[in-house]
Undergrad: 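Below is a structure I'd like to ask you about.
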2 protein chains.
Amino acid sequence: MSPSLDTVFQALADPTRRAILGLLLEDDMAVTDVAAEFEMSLAAISKHLGVLAGAGLIAQEKRGRVKWCKLEPDALREASVWMQGFGQFEPVNLDAFERFLVAERLDPGDSPEADALSQP
Amino acid sequence: MSPSLDTVFQALADPTRRAILGLLLEDDMAVTDVAAEFEMSLAAISKHLGVLAGAGLIAQEKRGRVKWCKLEPDALREASVWMQGFGQFEPVNLDAFERFLVAERLDPGDSPEADALSQP
DNA sequence: AGCATATTCAACCATCCGGTTGACCATTGC
DNA sequence: GCAATGGTCAACCGGATGGTTGAATATGCT
């Protein structure tokens, strides 16, 4: 089941779920530990985690009776690529990006232009 | 009513609305012209455009009896920056981005995802 | 004036969403 | 064995969402 843009954006549209992702940015967490950070029931958090997992934004692995949740940032890539298409649609920027791509291929190391492009 | 991450992601979560943004990527359009591209009522499209405007993703200007809609890509910046924070661990998927840009240029106005327009 | 065009409004409907509560598996530890 | 812990499931609730229709409001054309 491949996560679609629909499910990814829908998952990101809720502030609680974004906050959960923010927590998981620090460390993998058990469901109960995630729930402890919010003023809502464990069941509600469990649902939120289900939505995030359904969108591919997190992975859940059950070890013993504890279910561990870890960030899966790859799922954001497709959505991020889609969004950046709207910030960079001007021909000038397109050309600049193409030049960047060429440079990147020739010199696949770090490149200062990458930062400029990643945050339009 | 400043556009929040909530409203932006919520607006992007609907395939019809993403397809509308894809259309506006090429040209400003009147409400009726946007509606002509979809198999749903004009009123429904008008609502979708309202959601997109509420999220700050488009601007609507009424000239005469026609309301023109134009893309407002700046609204994506905040959301894009937020997302970028989670992708930082690994390098941006430049290949996917390049494919997107090339596809966008060869077939402008069409959303990069196939199902956006065919199954709204 | 009178009619056509562009767009919204209002009411309505089915469905989804976010939340709660209480019951229900698992797994762990005494 | 049995109680506590970790987590999900099922039913329910109020409110949002996405869609429809039909009437209403502006504006433009002749």
Side-chain angles (χ1 to χ4, degrees), chain A residues 1 3-24 27-55 57-70, chain B residues 1 3-24 27-70 111 115-120:
Chain A
M1 156 167 95
S4 63
L5 283 179
D6 281 33
T7 57
V8 169
F9 282 131
Q10 183 63 45
L12 295 178
D14 186 277
T16 301
R17 287 195 288 263
R18 287 199 307 276
I20 290 175
L21 292 179
L23 288 174
L24 294 178
D27 251 328
D28 299 356
M29 293 175 83
V31 175
T32 302
D33 296 335
V34 173
E37 303 282 335
F38 299 89
E39 287 177 348
M40 71 179 68
S41 70
L42 178 62
I45 294 295
S46 179
K47 277 191 195 177
H48 279 307
L49 290 170
V51 172
L52 289 171
L57 291 166
I58 68 171
Q60 293 180 293
E61 179 197 358
K62 193 171 176 184
R63 276 204 303 271
R65 67 179 163 183
V66 171
K67 199 168 193 175
W68 292 94
C69 308
K70 80 182 248 277
Chain B
M1 119 185 134
S4 62
L5 281 181
D6 282 32
T7 57
V8 169
F9 283 131
Q10 183 64 42
L12 294 178
D14 186 278
T16 301
R17 287 194 289 263
R18 286 198 308 277
I20 290 174
L21 293 179
L23 289 174
L24 294 179
D27 254 329
D28 299 357
M29 293 176 82
V31 175
T32 301
D33 296 334
V34 173
E37 303 282 335
F38 300 89
E39 285 176 350
M40 73 178 68
S41 70
L42 179 62
I45 295 295
S46 179
K47 279 191 195 177
H48 278 307
L49 290 170
V51 172
L52 288 171
L57 291 166
I58 68 171
Q60 293 181 293
E61 178 198 0
K62 193 171 175 184
R63 275 204 305 270
R65 66 179 165 179
V66 171
K67 198 168 193 175
W68 292 93
C69 308
K70 79 182 249 276
S111 177
D115 67 328
L117 280 167
S118 60
Q119 300 188 4

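All chains are named by letter (A, B, ...) in the order of the sequence lines, taking the proteins before the strands, and each is independently numbered beginning at 1.
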Undergrad: Give every residue pair that meets the side chain to side chain donor-acceptor pair (under 3.5 Å) criterion with at least one member in residues 40-65 of chain B, sequence neighbours excluded.
TA: B:Arg17-B:His48, B:Glu61-B:Arg63

Undergrad: May I have the distance from B:Asp14 (atom CG) to C:dC16 (atom C1'), rounded to whole angstrom?
TA: 13 Å

Undergrad: Rounding to a whole Å, what distance do you find between A:Ile58:CD1 and D:dG7:C1'?
TA: 14 Å

Undergrad: When you get a sec, tell me which of D:dG7, C:dT7, D:dG19 is the closest nucleotide to the side chain of B:Lys47?
TA: D:dG19

Undergrad: 5'-most contact on DNA chain D: A:Leu49 or B:Ala44, nearest heavy atom basis?
TA: A:Leu49

Undergrad: Applying side chain to side chain donor-acceptor pair (under 3.5 Å), name anything that partners A:Glu39, two or more places apart in sequence or on another chain.
TA: none

Undergrad: To the nearest Å, how far apart are A:Met29 CE and D:dG6 C1'?
TA: 14 Å

Undergrad: Could you tell me the separation between the CD1 atom of B:Ile45 and the P atom of C:dC9, rounded to a whole number of Å?
TA: 16 Å

Undergrad: Return whichever of A:Gln10 or A:Val66 has its heavy-atom-nearest nucleotide of DNA chain D closer to the 5' end.
TA: A:Val66

Undergrad: Any side-chain heavy-atom pair from A:Leu21 and A:Leu12 closer than 4.5 angstrom?
TA: yes

Undergrad: Could I get the full list of salt bridge (Lys or Arg N to Asp or Glu O under 4.0 Å) partners for B:Asp6, not counting sequence neighbours?
TA: A:Arg18

Undergrad: Let's see if you can work this out: which of C:dT21, C:dG18, C:dT8 has an atom nearest to the side-chain heavy atoms of A:Ser41?
TA: C:dT21

Undergrad: Starting at the 5' end of DNA chain C and moving along, which residue's nearest nucleotide shows up first, A:Thr16 or B:Lys67?
TA: B:Lys67

Undergrad: Nearest whole angstrom, please: distance from the P of D:dC13 to the CE of A:Met40.
TA: 21 Å

Undergrad: Taking side chain to side chain contact (heavy atoms under 4.5 Å, CB included) as the definition, give me every residue that meets it alongside A:Asp33, ordered by chain and number, with sequence neighbours left out.
TA: A:Met29, A:Ala30

Undergrad: If you take all heavy atoms of A:Gly54 and A:Thr7, which pair is closest and at what distance?
TA: O-OG1, 4.4 Å

Undergrad: So, is B:Thr32 near the phosphate of C:dT7, with a side-chain N or O under 4.0 Å from OP1 or OP2?
TA: yes

Undergrad: Please tabulate the protein-to-nucleotide N/O contacts below 3.5 Å involving nucleotides 22-27 of chain D, giving atom names and distances.
TA:
unit_1	atom_1	unit_2	atom_2	d
D:dT27	O3'	B:Arg65	N	3.4
D:dT27	O2	B:Arg65	NH1	3.2

Undergrad: I need the NE2-P distance between B:His48 and C:dT7, as an integer number of Å.
TA: 16 Å

Undergrad: Would you mind reading off the distance between B:Gln60 atom CD and C:dT8 atom C1', rounded to a whole angstrom?
TA: 11 Å

Undergrad: Would you name the heavy atoms of A:Cys69 and A:Leu24 that are closest together and state the gap between them?
TA: O-CD2, 3.4 Å

Undergrad: Quickly work out the A:Phe9 CZ to C:dC17 P distance and round it to whole Å.
TA: 17 Å

